[in-house]
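Quick notes on the structure that follows.
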Amino acid sequence: MEQPLLVYTTFPDEKTALAIGEPLVRDGLAACLNILPGMRSVYRWEGRIEQGEEVVGIIKTVEARREALTAALKDLHPYDTPVILYLAPEADPATLAWLVAATRTADGGVSA
């Protein structure tokens, strides 16, 4: 049985998140991208403590799409090293059915 997967990531702004989310959903790599604006970040990068504004992205998908989604996200993302964290939740059966249906390829399969 297919497993649900949440992918946590960040983007520099909403426009970028929407531009990346569109092809991920269109290509069946993700069922949905939730964008949460207004986040402030404090982080270490290249030996310095930085602060900045970002938006959170939570991508809803299935485990079978993990590798393809990760490759696409890295390819589309403007950050040199985007944060990509995998969370394996349990899902209500109806939610899991939606995730599986939304991440099918045109021929009905799930491409890896």
Exercise. Mind listing the closest non-hydrogen atom pair of Glu63 and Glu2 along with its distance?
Key: N-OE2, 3.4 Å
Exercise. Please examine the side chains of Leu5 and Lys60, heavy atoms only from C-beta on, and report whether any two atoms are closer than 4.5 Å.
Key: no
Quiz prompt | Selection residues 86-98 - residue pairs positive for side chain to side chain donor-acceptor pair (under 3.5 Å), sequence neighbours left out | solution = Thr70-Tyr86
Practice problem: Kindly give the cluster partners of Tyr79, where membership spreads through any ILVMFWY side chain lying under 4.5 Å from a current member. | Solution: none
Practice problem: Kindly indicate whether the side chain of Thr61, heavy atoms from C-beta on, has any atom under 4.5 Å from the side chain of Pro4. | Solution: no
Self-check item: For Val56, the rest of its hydrophobic cluster, which grows through side-chain links under 4.5 angstrom
Solution: Leu6, Tyr8, Leu36, Met39, Ile58, Val83, Leu85, Leu87
Self-check item: Contact summary for Glu14 and Ile35, nearest pair of heavy atoms
Solution: CG-CG2, 4.2 Å
Quiz item: Where is the tightest heavy-atom contact between Phe11 and Gly57, given as atom of each residue plus distance?
Solution: CE1-CA, 3.9 Å
Practice problem: For residues Leu24 and Leu33, determine if any side-chain heavy atom of one lies less than 4.5 Å from a side-chain heavy atom of the other. | Solution: no
Quiz prompt | Members besides Val25 in its Ile/Leu/Val/Met/Phe/Trp/Tyr cluster (side-chain heavy atoms under 4.5 Å) | solution = none
Practice problem: List the atom of Ala30, the atom of Ile59, and the distance in Å for their closest heavy-atom pair. | Solution: CB-CG2, 3.5 Å
Quiz item: Looking at Ala102 and Ala31, what are the two nearest heavy atoms and their distance?
Solution: CB-CB, 3.5 Å
Practice problem: Among Ile84, Thr9, Thr16, find the residue that satisfies the side chain to side chain contact (heavy atoms under 4.5 Å, CB included) test when tested with His77. | Solution: Thr9
Quiz item: In Å and rounded to the nearest 0.5 Å, what is the CZ to CG distance from Arg65 to Leu99?
Solution: 12.5 Å
Quiz prompt | Inter- and intrachain pairs under side chain to side chain donor-acceptor pair (under 3.5 Å), touching residues 41-50, at least two apart | solution = Ser41-Glu54, Arg48-Glu50
Quiz item: Sequence neighbours excluded, which residues qualify as salt bridge (Lys or Arg N to Asp or Glu O under 4.0 Å) partners of Glu22?
Solution: none
Self-check item: Criterion side chain to side chain contact (heavy atoms under 4.5 Å, CB included) on Val55 and Thr10, from CA distance to verdict
Solution: CA-CA 6 Å; Val55 300; Thr10 57; over 6 Å; no
